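Presented below is the structure to which this report refers.
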Amino acid sequence: MRRSLTATLAISVAATLLLAGCSAGATGTSGDRTLTIGQVAEPEKSPDPIMDGSLAGYNYYYNEFDQLTQLSADGELTPRLATKWTPNADFTTWSFTIRTDAKFSNGDPVTAEDVAYTYNKILASPDSDNLGYMETLKSVRATAKDTVEFDLNAPFSPWPSITTAISIVPEKVYEKLGSDGFAKAPVGSGPFTFESYTRGVNYTMVANPDYWGKAPETKKVVFQTVGDEDARLNGVISGSLDIALISPNQATGFNSPGASVKSRTGNGSVFLGINSTAGVLANAKVRQAISLAIDEKSLVSKVLSGSGTANDQVIAPSVAGYVKDAATHEFDPAKAKSLLAEAGYNGEKITFQYATSGRIPLSSNVAQAIQGYLKAVGLNIELAGTDQATLSSIIYSTVNAAGLYLNTWAPSTLDGDMPVTNLFAGGQNDYAKDPAAKELVLKQRTVSGDERIAAFAALHKLNVEQAHIIGLYTPNTDYAVRDGITWKPRADGEYVIADITYAK
């Protein structure tokens with residue numbers, strides 16, 4: 001949910017005008033090198049890492065603050081503020097050892113008490129976006145100067161992945177300033193420190209001279225809010241932006257002196273949700289026919305111009321829990337027609353809701369293509385396009401999708417627990433309420449390694465058989481990047497500036 005790409009027209013116009021007078025500095029000398037990133041949106045809330053959980057906000061927080069663990073560009077869990085972590089036998093208690101050489105930008109050392117305070121503050125903040133990560137957390141305490149212990153209310157083997165999302169704040173400073181005050185003058189221990197923020201325009205930070213890790217080559221980074229995709233692309237082409245997210249159709253055939261396109265498979269899966277509580281969609285054979293009628297490979301190659309990977313799993317290949325060589329269904333319209341006949345389907349109308357723009361690039365084109373596949377086997381599909389905010393409200397607030405709906409899940413923790421919990425264990429996308437599916441979701445939390453993958457495989461097999469959720473594809477993320485910048489797009493879609501280097 002925090003990956004909404006919606007931006008207001010006012011922001012788009014202001015950003016477009018601002019671009020005309022900007023000049024990026026990534027090609028400057030190493031002493032004054034400035035990197036300007038065209039960011040799709042900014043946090044709706046005040047940019048405070050305790051309260052805010054937006055994608056835009058995390059781009060700030062991953063650079064200004066430390067988290068206990070971090071993800072590599074390819075999704076590998078690695079140490080950051082924590083040097084090691086160990087669970088008890090049933091994964092209900094986790095102990096983390098904290099490095100002793102980290103300091104906040106005000107000079108104070110980072111302590112285990114600060115870590116415990118950060119998590120406890122989130123637990124005590126009912127309006128915090130980050131509470132969504134704390135479902136299994138019962139309590140946290142500092143047990144030594146360099147040790148923090150987390151007590152969970154149930155076994156949870158992927159807990160370390162959750163710690164990648166929580167930025168550690170200094171207790172004394174946060175208590176003194178409060179949420180709004182801290183957002184205006186944040187103090188972290190990351191490779192960059194806050195410089196300025198102008199809502200609707202940009203967020204600026206500079207290299208932290210006292211950072212405990214390797215000094216970044218970038219000396220200053222500007223996250224510039226540019227809601228319009230054409231303005232972002234033109235900004236990179238003109239040199240006023242150094243890096244910017246672009247759409248698949250912009251990436252196709254891109255050819256511009258001084259810039260190129262970098263792409264990678266993302267961390268999200270686009271899927272067809274189904275309200276199976278009433279009408280013809282309550283019949284498993286109708287749902288199975290829908291899954292067999294859709295040609296995911298053709299959808300990717302023709303509608304997305306190849307910018308993605310066909311994927312009938314609800315977990316992306318870069319996310320823990322993805323099952324290699326999993327059992328899957330084939331595109332089989334003849335069998336789909338046969339199943340509809342067996343189900344006694346007689347042309348009843350099925351509403352298909354989707355957002356005309358927003359979280360899923362080319363969503364209208366995707367929806368129309370799916371309608372075509374389903375009509376070809378005899379299904380009566382009525383498209384119902386709406387804005388992203390309305391569709392999100394239908395899915396996440398009122399939970400009353402009319403029939404079919406187009407949606408996506410992209411876990412920033414790069415772990416499959418959150419998607420499958422939402423889709424199969426009582427979340428907003430779980431219309432089926434299948435006890436067997438919920439049991440498998442809970443099982444994967446109690447095991448690790450191959451046993452955990454086996455639980456995910458069994459869940460996927462069950463979903464293919466019952467067609468509760470129909471996986472479609474994992475889209476690529478495409479970026480326009482100025483020449484001379486060495487940068488690898490990340491599976492989680494974030495910008496970690498310390499990883500960026502430059503041509504000499």
Side-chain angles (χ1 to χ4, degrees), residues 43 45-54 57-70 79-83 85 94-131 133-134 137 139-150 162-197 203-216 221 223 494 496-498:
K45 294 183 177 181
S46 182
D48 162 24
I50 295 293
M51 302 302 295
D52 173 58
S54 65
Y58 275 83
N59 279 322
Y60 310 157
Y61 314 143
Y62 284 174
N63 293 290
E64 288 181 341
F65 298 87
D66 279 320
Q67 299 76 37
L68 289 180
T69 60
Q70 64 183 354
R80 188 163 183 179
L81 195 59
T83 57
W85 48 91
W94 286 85
S95 180
F96 284 71
T97 301
I98 311 302
R99 63 185 315 119
T100 58
D101 58 345
K103 292 183 179 181
F104 290 112
S105 57
N106 65 353
D108 292 342
V110 181
T111 67
E113 284 80 6
D114 291 309
V115 175
Y117 168 81
T118 297
Y119 281 83
N120 284 321
K121 188 67 176 179
I122 292 171
L123 286 174
S125 303
D127 294 330
S128 172
D129 293 341
N130 296 311
L131 273 179
Y133 295 112
M134 303 292 113
L137 180 60
S139 62
V140 56
R141 61 190 181 279
T143 57
K145 183 179 179 180
D146 64 346
T147 308
V148 177
E149 194 166 274
F150 295 90
I162 296 295
T163 67
T164 65
I166 307 303
S167 299
I168 306 306
V169 304
E171 178 178 4
K172 289 191 299 183
V173 177
Y174 196 91
E175 282 297 300
K176 179 181 179 180
L177 298 179
S179 176
D180 288 341
F182 189 81
K184 295 175 182 176
V187 175
S189 57
F192 290 85
T193 62
F194 174 80
E195 182 174 84
S196 65
Y197 175 45
Y203 192 104
T204 304
M205 56 188 77
V206 295
N208 179 0
D210 299 317
Y211 180 52
W212 57 266
K214 181 181 178 181
V221 57
F223 287 99
E494 307 286 355
V496 176
I497 309 303

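Positions are given from 1 along the sequence. This is a predicted model, so every value here is computed, not measured.
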*Could you go step by step and tell me if Glu171 and Thr111 meet the side-chain contact (heavy atoms from CB on, under 4.5 Å) rule?*
CA-CA 10 Å; Glu171 178 178 4; Thr111 67; over 6 Å; no
*Asp48 and Ser46: CA distance, side-chain angles, deciding distance, side chain to side chain donor-acceptor pair (under 3.5 Å) verdict*: CA-CA 6 Å; Asp48 162 24; Ser46 182; over 6 Å; no
*Tell me, with the steps shown, if Asp66 and Arg80 meet salt bridge (charged side-chain N to carboxylate O under 4.0 Å, His left out).*
CA-CA 7 Å; Asp66 279 320; Arg80 188 163 183 179; 2.8 Å; yes
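We find the CG-CG distance between Asn208 and Asn63 to be 11.5 Å, quoted to the nearest 0.5 Å. Distance check: Asp127 CG to Ile122 CD1 gives 13.0 Å after rounding to the nearest 0.5 Å. Interatomic distance, Leu177 CG to Lys184 NZ, rounded to the nearest 0.5 Å: 10.5 Å. Expressed to the nearest 0.5 Å, how far OG1 of Thr147 lies from CH2 of Trp85 amounts to 14.0 Å. The CG atom of Leu137 lies 11.5 Å from the OG1 atom of Thr163; values are rounded to the nearest 0.5 Å. Taking CG of Leu68 as the start and CD1 of Ile168 as the end, the distance is 4.5 Å to the nearest 0.5 Å.
The ring pair (Phe, Tyr, Trp, His ring centres under 6.0 Å) test applied to Tyr174 returns Phe182, not counting sequence neighbours. Shown here are the ring pair (Phe, Tyr, Trp, His ring centres under 6.0 Å) partners of Phe104, two or more places apart in sequence or in another chain: there are none. With sequence neighbours excluded, the residues satisfying ring pair (Phe, Tyr, Trp, His ring centres under 6.0 Å) with Phe223 are Tyr60. With sequence neighbours excluded, no residue forms a ring pair (Phe, Tyr, Trp, His ring centres under 6.0 Å) with Tyr211. Partners of Ser105 by side-chain hydrogen bond (donor to acceptor under 3.5 Å, both in side chains), not counting sequence neighbours: none found.
A 4.5 Å side-chain heavy-atom check between Phe96 and Leu81 finds every atom pair outside the cut-off. Residues Lys103 and Asp210 have side chains not in contact (no heavy-atom distance under 4.5 Å, counting atoms from C-beta outward). In this structure the side chain of Gln67 reaches within 4.5 angstrom of the side chain of Tyr62, judged on heavy atoms. Between Asn120 and Arg141, the closest side-chain pair of non-hydrogen atoms is not below 4.5 Å. Considering only heavy atoms from C-beta on, Pro186 comes within 4.5 Å of Phe65 through its side chain. Residues Asp52 and Tyr61 have side chains in contact (heavy-atom distance under 4.5 Å, counting atoms from C-beta outward).
The two residues Ala112 and Ala144 have their closest heavy-atom pair at CB-O, 3.4 Å. Taking each heavy atom of Met51 and Ser179 in turn, the nearest pair found is CG-OG, 3.5 Å. Nearest heavy-atom pair, Asn130 versus Ala165, reported as atom, atom and distance to 0.1 Å: OD1-O, 4.5 Å. Here the closest non-hydrogen pair linking Val169 and Tyr117 is CG2-CE2, 4.0 Å. When every heavy atom of Thr193 is checked against every heavy atom of Glu64, the shortest pair comes out as C-OE2, 4.2 Å. Taking all atoms of both residues into account, the shortest heavy-atom contact from Pro79 to Ala82 is CB-O, 3.1 Å.
At a cut-off of 3.5 Å, with distance as the only test, no side-chain donor of Thr164 or Gln70 sits close to an acceptor on the other residue.
Annotation: salt bridge (charged side-chain N to carboxylate O under 4.0 Å, His left out) contacts involving residues 106-124, sequence neighbours excluded, comprise Asp108-Lys172, Lys121-Glu175.
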